[in-house]
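As structure tokens, the structure follows; a few thoughts come after it.
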Amino acid sequence: MMASNDVLLKVERLKTYYPIKGGFLRRTIGFVKAVDDVSFEIKSGETLGLVGESGCGKSTTGRTILRLLNPTDGSITFDGKDITFLKGKELRKMRKHFQMVFQDPYASLNPMQMVGDIISEPIRNYTGRSMKEVKEEVFDLLEKVGLPPDAYYQYAHQFSGGQRQRIGIARALALKPKLVVADEPVSALDVSVQSQVLNLLKELQKEFSLTYLFIAHDLSVVKHMSDRIGVMYLGNLVEIADKNSLYAHPFHPYTQALISAIPTPDPHKKKERIVLQGDVPNPINPPKGCPFHTRCPVVKAECKEVKPVLKEVRAGHQVACHLY
Amino acid sequence: MEVVTNKNDAERKIASQSNHSPWALARKKFIRNKLAMVSLSFLMLLSLLSILAPYILNVDIARVDFLNINLPPSSEHWFGTDSNGRDVFARTLYGGRVSLLIGLASTLCVTLIGTIIGAIAGYVGGKIDQFLMRLTDFVLTFPFTVFVVVLNTILIGKVSGVWTLIMVISLLSWGGTARIVRSKILAEKENEYILAAISVGCSPFKVIAKHLLPNVASTIIVQASLLMAVMIVVESSLSFIGFGVPADTPSWGNMLSEARNSDVLQNKPWIWVPPCLAITFTILSINFVGEGLKDAFNPKSNR
Ligand SMILES: Nc1ncnc2c1ncn2[C@@H]1O[C@H](COP(=O)(O)OP(=O)(O)O)[C@@H](O)[C@H]1O
Ligand code: SF4
Ligand SMILES: [Mg+2]
């Protein structure tokens with residue numbers, strides 16, 4: 001994929017905490033620190049993959065960037081405009097430039113809406129045109145995502161998971177956005193249809209010159225899709241690099257463990273698999289210092305006290321770890 | 001395109017021929033429910049007869065006729081006459097006008113108020129939610145009967161009785177509906193399609209009206225149908241104890257109050273049995289319709 005040099009999205013020291021309500025009068029008694037320190041940039045036209053175990057804060061990151069959630073701290077700059085604290089009408093005006101493809105093909109489509117209504121709604125919201133007036137555009141979109149025209153008159157429950165995901169993709173593309181956040185768009189689908197949806201996303205990226213933030217918990221899917229890859233652990237971005245650089249030289253011990261766990265097709269080229277001890281800590285009460293120190297095989301004394309920040313260790317390869 | 005199994009193919013064919021909107025599916029299921037359909041027909045017939053009563057019956061229901069008091073049923077007076085010599089059959093139909101009107105109108109008001117308050121509280125959350133829920137708790141803990149009795153006594157004669165009653169009942173009864181709607185909205189708004197709606201530029205009003213309410217409408221409708229039965233009972237009980245509809249307006253509750261006289265209760269059943277049966281069958285039917293709706297909206301039942 002050709003990536004230009006202009007930065008489309010810049011995220012700096014992003015934090016998103018969910019308040020925990022409890023006790024008398026349901027006051028806030030603590031926070032789930034779902035995103036605790038995430039910084040990265042996405043250039044126009046490229047795909048940044050975001051990987052990490054389930055619960056590490058990928059969805060929260062994606063949703064905060066699209067301002068479907070309010071950030072607790074940090075900043076989000078989209079196309080040169082600070083959108084961190086945009087609100088109301090201002091925010092709604094910006095939304096047409098960034099859209100999302102959701103993870104759950106069942107919960108992400110309104111069961112009461114006809115597919116034609118679902119896909120045309122974004123256009124109608126921003127142009128005030130009627131459903132009739134945008135019908136041709138919707139048929140175009142249906143064709144682009146590989147659905148028959150009569151899908152227009154049907155309801156979500158009449159489609160398979162893969163087809164529903166196509167409807168969700170058509171909805172996200174209806175406004176011709178610049179950035180699309182795809183939050184594990186195939187993880188709920190049968191393996192047999194996963195690659196079809198992934199290929200569709202790739203084709204559409206070319207056709208509409210889209211920029212993707214592609215979220216997955218699976219390194220092989222992310223490798224297939226991305227130009228660069230960021231690795232998340234417990235709400236923190238711990239390593240980010242060009243795809244090839246990351247696979248060839250993973251620096252962070254967590255990334256090394258993830259990559260060692262990918263099964264290799266060649267049985268002779270056996271790799272040493274790094275098995276991590278222990279469980280992921282609770283994001284309500286993350287460990288002091290390096291978030292990974294409770295499981296890190298090469299932990300140092302410093303790691304338990306000081307939190308490492310992202311540092312450039314090679315050109316375009318950043319790691320947050322005291323080893324480097 | 002992915003591989004579609006044969007079953008899906010068949011489904012797709014049916015799909016392109018008929019309307020598969022969730023509403024249409026629920027309607028089909030409801031029509032297949034015999035008990036609910038019979039109940040609905042009964043309710044419609046009763047309503048129609050009540051509405052048309054002034055045009056089909058040639059009786060003056062307010063005229064007191066001391067020559068014909070307490071007559072048992074005959075061919076001239078099908079259900080007999082009451083202690084003022086008025087035709088019980090005619091009064092039962094006329095009473096239906098009032099009782100059904102109160103039931104329907106207060107149900108509509110309660111559902112409207114409860115839905116608006118519950119939806120705003122559930123969707124917006126935060127301080128607004130807290131305030132609205134305090135208000136709801138306040139209304140729910142209000143001593144309903146006492147308040148109705150006092151207010152009705154103050155207002156009677158100043159405002160037309162039936163509409164006063166509807167207003168008072170409605171203002172004091174929306175609490176339960178508001179709570180149910182709020183909890184439904186809270187659960188429904190967690191779905192990703194709500195995030196999607198926000199993401200494609202829907203205003204908060206549109207998210208509630210177009211995306212949330214249609215998806216909780218089935219609960220609201222079922223709740224409203226059961227509420228209507230309650231409202232009819234409320235009207236009857238208030239009128240029975242003399243604090244509902246003004247005594248000169250026929251309603252089922254007012255007619256029943258004649259049975260407070262033990263002679264009528266024991267020896268002249270034709271005076272109180274008709275309104276009693278009218279109330280009973282109306283409430284039963286409403287409940288059957290409500291159950292039918294619940295079934296029809298439940299995707300898991302395939303009756
Ligand atoms: N609405 C919420 N309220 C409270 N905690 C949440 C909420 N959504 C997610 N979380 C928590 O935040 C953390 C990150 O969640 P998420 O962003 O969904 O992770 P991922 O997408 O990587 O699986 C998890 O610990 C999850 O339990
Ligand atoms: S900072 Fe320390 S604990 Fe954290 S990954 Fe690096 S070596 Fe391991
Ligand atoms: Mg997720």
Side-chain angles (χ1 to χ4, degrees), chain A residues 25-26 63 66-69 88-89 91-96 98-114 117-118 121-126 146-148 150-151 153-163 166 168 171-172 174-175 181 183 189-190 192-193 196-197, chain B residues 1-26 124-127 129-130 133-134 186-218 297 299-300:
Chain A
L25 291 181
R26 302 193 45 71
R63 288 174 184 188
L66 297 194
R67 289 305 317 283
L68 295 168
L69 291 172
K89 272 217 177 83
L91 177 57
R92 228 178 298 144
K93 243 191 252 160
M94 282 302 284
R95 288 196 187 284
K96 63 184 285 198
F98 41 81
Q99 291 294 315
M100 186 145 186
V101 176
F102 292 89
Q103 175 172 6
D104 185 341
Y106 293 88
S108 59
L109 300 179
N110 183 344
M112 291 296 189
Q113 255 182 315
M114 204 167 76
D117 186 8
I118 295 178
E121 186 167 30
I123 308 174
R124 287 180 290 131
N125 277 346
Y126 286 94
L147 288 170
D150 63 347
Y153 299 100
Q154 296 178 358
Y155 288 81
H157 70 92
Q158 293 170 263
F159 296 92
S160 67
Q163 291 170 321
R166 288 169 193 264
R171 169 178 61 194
L175 289 166
V181 172
D183 186 0
L189 304 181
D190 282 352
S192 57
V193 300
Q196 292 162 357
V197 173
Chain B
M1 287 254 31
E2 53 259 23
V3 190
V4 193
T5 63
N6 284 336
K7 185 170 163 264
N8 280 349
D9 255 352
E11 272 172 13
R12 283 286 302 281
K13 269 201 201 98
I14 302 166
S16 46
Q17 285 159 10
S18 60
N19 184 355
H20 263 238
S21 88
W23 292 115
L25 295 181
V124 179
K127 291 249 154 53
D129 179 26
Q130 274 178 19
M133 280 304 105
R134 293 280 149 75
L186 276 180
E188 198 66 29
K189 79 170 181 182
E190 290 304 316
N191 280 312
E192 283 182 340
Y193 72 81
I194 296 301
L195 283 183
I198 297 170
S199 176
V200 300
C202 294
S203 63
F205 174 78
K206 197 167 179 191
V207 173
I208 294 180
K210 183 170 173 188
H211 295 276
L212 282 168
L213 287 182
N215 282 289
V216 301
S218 59
F297 287 126
K300 283 175 207 93

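So you know, we letter chains A, B, ... as the sequences are listed, proteins then strands, and number each from 1.
Heavy atoms of Leu68(A) lying under 4.5 Å from chain B belong to its backbone as well as its side chain. Of the atoms belonging to Leu212(B), not a single heavy atom falls under 4.5 Å from chain A.
The side-chain heavy atoms of Arg95(A) and Ile198(B), taken from C-beta on, include a pair separated by under 4.5 Å. With contacts defined as side-chain heavy-atom distances shorter than 4.5 Å, the pair Ser199(B)/Arg63(A) does not qualify. Annotation: side chain of His211(B) is in contact with side chain of Gln113(A) (closest heavy-atom distance under 4.5 Å). Looking at heavy atoms from C-beta onward, Met100(A) lies out of side-chain contact with Glu192(B) at the 4.5 angstrom threshold.
Without hydrogens or angle criteria, His157(A) side chain to His20(B) main chain gives a donor-acceptor distance under 3.5 Å. Side-chain atoms of Asn125(A) come within 3.5 Å of backbone atoms of Val200(B) as a donor-acceptor pair (strictly under, hydrogens ignored).
Put simply, OH on Tyr193(B) and CE on Met112(A) are 8.0 Å apart, with the number rounded to the nearest 0.5 Å.
Between chain B and the options Phe98(A), Tyr126(A), Tyr153(A), heavy-atom pairs under 4.5 Å are most frequent for Tyr126(A). The candidate from Leu66(A), Asp117(A), Leu69(A) with the greatest count of non-hydrogen atom pairs under 4.5 Å with chain B is Asp117(A).
The shortest non-hydrogen separation linking Pro204(B) to Arg92(A) is CD-NH2, 3.8 Å. Here the closest heavy-atom approach between residue Ser108(A) and residue Ala196(B) is recorded as O-CB, 4.2 Å. Contact between Pro22(B) and Pro111(A) at its shortest, heavy atoms only, is CG-O, 3.2 Å.
Looking at residues two or more places apart in sequence or on another chain, you find a salt bridge (charged side-chain N to carboxylate O under 4.0 Å, His left out) between Lys206(B) and Glu121(A).
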